Protein chains: 2
Amino acid sequence: MDWDQRLHARGYRVTPQRTLVLAAVNDLGHGTPEEILARVQVEAPKVNLSTVYRTLEVLEDVGLVTHAHLGHGSPTYHSVDDDVHIHLVCRTCDGIESIPVGVARDFLDALDREQGFSTDIGHMAIHGVCRTCREVARDD
Amino acid sequence: MDWDQRLHARGYRVTPQRTLVLAAVNDLGHGTPEEILARVQVEAPKVNLSTVYRTLEVLEDVGLVTHAHLGHGSPTYHSVDDDVHIHLVCRTCDGIESIPVGVARDFLDALDREQGFSTDIGHMAIHGVCRTCREVARDD
DNA sequence: GTATATGCAAAGGGTTTGCACGGTT
DNA sequence: AACCGTGCAAACCCTTTGCATATAC
């Protein structure tokens with residue numbers, strides 16, 4: 001089913017703003033509401049931030065985008081076309097690495113088996129210290 | 001080393017507010033800045049929210065408390081006396097389960113081995129759907 | 001034509017900051 | 001006595017909301 005049909009199917013209207021926001025997320029791969037707005041405003045300068053928020057909510061509702069919390073700030077919206085990935089955020093340098101979900105497979109299976117919990121591993125970042133910063137710390 | 005010595009050792013002063021905030025975190029086990037303030041104000045009604053924020057920052061700096069992000073709202077501060085635990089947050093009912101880190105051991109080892117990443121698994125909650133909500137969903 | 005979507009501006013929640021006063025060292 | 005910590009109020013960032021207008025259906 002095509003993206004505009006997805007909106008229709010749920011009773012939402014297809015508007016230029018929704019088209020542009022979805023295109024922005026797909027182009028960027030991922031971005032915060034502010035970043036998405038900036039992208040949208042290249043073509044349509046009058047679009048408002050509140051429209052971006054409302055639109056992302058709608059697009060998420062119909063399954064065209066998802067969001068993740070990478071740090072203490074704004075969430076990051078992702079195209080659903082991208083593979084789900086785990087975000088590793090370094091406490092020291094604030095760097096972000098994206099890795100495939102494979103490493104977590106056994107862990108997710110265990111949560112399912114032992115807790116009955118179905119995990120959305122892409123939704124929240126995993127915090128810690130990255131290789132580079134650990135090495136720097138060790139050298140001190 | 002005792003808690004007041006930890007503060008001194010880092011050049012911080014020991015004040016009634018810091019004493020009360022630390023006691024509140026230890027009493028509550030965990031709590032948001034607002035909840036901690038409420039607890040502190042039972043004994044000292046004039047203490048201000050900004051003092052709680054500044055104090056939690058200091059206490060975290062000297063390693064007397066830690067914080068975790070459980071949802072989209074305020075962070076939760078924890079006593080470091082508590083064992084580190086993983087927070088499972090249900091997307092559907094917003095319920096929170098705390099489980100021991102054991103289940104994640106292999107996963108954390110793999111991140112260390114393969115990515116050089118040292119994970120603080122307690123810092124960010126893991127999102128998904130809990131057993132109860134999955135069963136409800138299945139019955140629909 | 002009618003209900004939904006939008007832009008704008010204002011309000012809201014949570015957090016941080018500037019400043020003068022007060023308290024710890 | 002010197003400096004750090006505090007209370008208070010204002011500022012701040014991000015997000016949501018109310019309302020009148022515009023637009024997709």
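Predicted model only: the values in this text are computed from it and were never measured.
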| Taking atom P of C/dA10 as reference, at what distance in whole Å does atom CG of A/Leu49 sit? | 16 Å

Contacts under 3.5 angstrom, residues 114-126 of chain A side chains, donor-acceptor by atom type, not counting sequence neighbours:
{"from": "A/Asp120", "atom 1": "OD1", "to": "A/Gly122", "atom 2": "N", "distance (Å)": "3.4"}
{"from": "A/Asp120", "atom 1": "OD2", "to": "B/Arg91", "atom 2": "NH1", "distance (Å)": "3.3"}
{"from": "A/His123", "atom 1": "ND1", "to": "A/His67", "atom 2": "O", "distance (Å)": "3.2"}

| query | Checking only heavy atoms, does the side chain of A/Arg13 share a donor-acceptor pair with the base of C/dA3 at less than 3.5 Å? | reply | yes

| said: Considering every strand and a 4.0 Å limit on heavy-atom distances, what is the contact class for A/Pro75: base, sugar-phosphate, or nothing? | reply: sugar-phosphate

| Expressed in angstrom and rounded to an integer, what is the separation of A/Lys46 atom NZ from C/dA9 atom P? | 11 Å

| Roughly how many Å is it from CG in B/Leu37 to C1' in C/dG13, rounded to a whole number? | 15 Å

| Tell me: CG of B/Leu56 to C1' of D/dT6, nearest whole Å? | 15 Å

| Are A/Thr51 and C/dG7 close enough that a side-chain N or O sits under 4.0 Å from OP1 or OP2? | yes

| message | Check this one for me: any side-chain N or O of A/Gln17 less than 4.0 Å away from OP1 or OP2 of C/dG7? | response | yes

| If you measure from the Lys or Arg side-chain nitrogens to the Asp or Glu carboxylate oxygens, is any gap between A/Arg13 and A/Asp4 under 4.0 Å? | no

| query | Does A/Asn26 reach the side chain of A/Val65, with side-chain heavy atoms less than 4.5 Å apart? | reply | no

| query | Remaining members of B/Val89's ILVMFWY cluster at a side-chain heavy-atom cut-off under 4.5 Å? | reply | B/Leu70, B/Ile96

| Between B/Glu34 and B/Arg54, which is nearer to the 5' end of DNA chain C once each is assigned its nearest nucleotide? | B/Glu34

| query | Please give, in whole Å, the distance from D/dT6 C1' to B/Gln41 CD? | reply | 14 Å

| request: Could you work out which one of D/dT16, D/dG5, D/dC25 sits closest to the side chain of B/Tyr12? | output: D/dG5

| request: Pick base, sugar-phosphate or nothing for A/Arg18, based on heavy-atom distances below 4.0 Å to the nucleic acid. | output: sugar-phosphate

| query | What's the CD-C1' distance between B/Glu57 and C/dT16, to the nearest Å? | reply | 9 Å

| task | Let me know the distance between CG of B/Asn48 and C1' of C/dG22, rounded to the nearest Å. | result | 15 Å

| Is the distance from OP1 or OP2 of D/dA24 to the nearest side-chain N or O of A/Thr15 less than 4.0 Å? | no

| query | For the rings on A/His127 and B/His69, is their centre-to-centre separation under 6.0 Å? | reply | no

| said: Is B/His8 close enough to C/dT25 that one of its side-chain N or O atoms is under 4.0 Å from OP1 or OP2 there? | reply: yes

| request: Grab the CG-C1' distance between B/Leu7 and C/dT25 for me, whole Å please. | output: 14 Å

